[in-house]
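Below is one structure, written out as structure tokens, with a few remarks after it.
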Number of protein chains: 2
Amino acid sequence: MANPSAATPQPLTPDEEALVRALGQVMHVLPRAIDADMVGDRQLPLTEYTALMNLSETPDRRMRMNELAALCHLSLSGMTRTIIRLETQGLVRRERCEEDARGWNAVLTDAGYARLQESWPSHLAAVRRRFLQHFEGLDLAQLTRAFQGAGTAEPTD
Amino acid sequence: MANPSAATPQPLTPDEEALVRALGQVMHVLPRAIDADMVGDRQLPLTEYTALMNLSETPDRRMRMNELAALCHLSLSGMTRTIIRLETQGLVRRERCEEDARGWNAVLTDAGYARLQESWPSHLAAVRRRFLQHFEGLDLAQLTRAFQGAGTAEPTD
DNA sequence: GATGTTTGCTTGACCAATCAAGCACCGGAT
DNA sequence: ATCCGGTGCTTGATTGGTCAAGCAAACATC
């Protein structure tokens, strides 16, 4: 505690305190809950679902590893391991990248696409039930903007 | 994704879709960002900080494992391992519970209390900068209520 | 008051993520 | 052409969590 003014910031207001606690809970509970729903229902963990989903939204159902990792909010090595897991299930195939032989494309197979179709409703239901339902009546667009800013260390100006 | 038959719930509205994506990002990025801030700053990961904080808010700075685990949103075994980590750093001590010899209390040591005092401002600053700042002007109480419900599988009545 | 069940916590095995190091390839400078 | 720093991805080691099994104390029942 070198600098007295830095060491004694304003404490949080009770409202802020409550919000922070609630968010802490959500961040812990929500992904596990949705994941558990999907695993229980469809044997497809959230991370793998997300990878399949992002692949499916691409025109030719293929994507470079680094791009996919970014969309899945995963490190590159985490992405590699997820794709390997999916590959052993036959849901994804890997192909060397044409224009750069260092690169790989993850390619959604027909089996992968089918799997996604099959588990999509389960995911949707979980998201609604665990999350969206509780935000009915709020200004979603405004909230979205706030969330998009959060996590960044945006300057306080 | 058009699956014609029974398995077609209403898809999300664009607003909902955007919110879900934004939340996905926040849930991934925010804890790591805060954790990184604190580790970089103070060598105290968020989980350990949370444990110390909850202990410090108790009248005699001690708590049963199961209660502490619930407050930290951790499984019992996860809590055990966190406390062991803290114990080896001398920040927490364990004492058998008086009124039930199966139980243990985690007790915040003076060193632990000092450590907490020391890292509190850093945590507070990270929370403000990474999170609260982006929610200025919103109805925090309303948001808090929504968050508190989220993660639970509350009946859809 | 012995016995069987339940409770509180720890331990073992495992898993999915991370970071750091490694390998293969690209592409510009010489 | 060849070397050499940079890039794309994988692999190895570690971490921090989970669940399931284990163990000891408590309690209820006979």
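Below, read A as the first sequence line, B as the second, and so on, with proteins coming before strands; counting in each chain starts at 1.
For A/H123, the side chain to side chain donor-acceptor pair (under 3.5 Å) partners are A/Y49, not counting sequence neighbours. Applying the side chain to side chain donor-acceptor pair (under 3.5 Å) rule to B/S77 yields the partners B/S75; only residues at least two apart in sequence or on another chain are considered. With sequence neighbours left out, the side chain to side chain donor-acceptor pair (under 3.5 Å) criterion links A/D100 to A/R102. With sequence neighbours excluded, the residues that form a side chain to side chain donor-acceptor pair (under 3.5 Å) with A/R93 are A/E95.
A straight line from NE2 of A/H73 to P of C/dT18 spans 12 Å, rounded to a whole angstrom. Distance A/H28 NE2 to D/dG17 P: 7 Å, rounded to the nearest Å. Between the CG atom of A/D35 and the P atom of C/dA17 there is a distance of 9 Å, rounded to whole Å. If you measure from atom CE of A/M65 to atom C1' of D/dT7, you get 15 Å, rounded to the nearest angstrom. Atoms CG (A/L76) and C1' (C/dG22) sit 14 Å apart, rounded to a whole Å. When the P atom of D/dG16 is taken as reference, atom CZ of B/R32 falls 13 Å away, rounded to whole Å. The nearest whole Å value for the distance from the CD atom in A/E95 to the C1' atom in D/dG8 is 17 Å. In this structure, the CH2 atom of A/W104 is 13 Å from the C1' atom of C/dC23, given to the nearest Å.
Judged purely by atom type and a 3.5 angstrom limit, B/T109 uses its side chain to pair as donor or acceptor with the backbone of B/G90. Without hydrogens or angle criteria, A/T13 side chain to A/E16 main chain gives a donor-acceptor distance under 3.5 Å.
Contacts of residues 77-86 of chain A with DNA chain C (heavy atom under 4.0 Å): A/S77, A/G78, A/R81, A/T82, A/R85.
Distances shown here put every side-chain N or O of B/S75 at or beyond 4.0 Å from the OP1 or OP2 atom of D/dG17. Proximity of A/N66 to the phosphate of D/dT7: no side-chain N or O atom is located under 4.0 Å from OP1 or OP2.
If B/R64 and A/P45 are placed on DNA chain C by their nearest nucleotide, the residue sitting closer to the 5' end is B/R64.
Checked for salt-bridge contact, A/R62 and A/E98 miss the test: no charged N lies under 4.0 Å from a carboxylate O.
Using bins of under 30°, 30° to 60° and over 60° for the plane-to-plane angle, the ring pair A/H28/B/H73 lands in the tilted bin.
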List, with names and distances, any nitrogen or oxygen atoms from the protein found under 3.5 Å away from nitrogen or oxygen atoms belonging to nucleotides 24-26 of chain C.
residue: C/dC26; atom: OP1; partner: A/A101; partner atom: N; Å: 3.3

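Between A/D110 and A/R61, some side-chain heavy-atom pair lies under the 4.5 Å cut-off.
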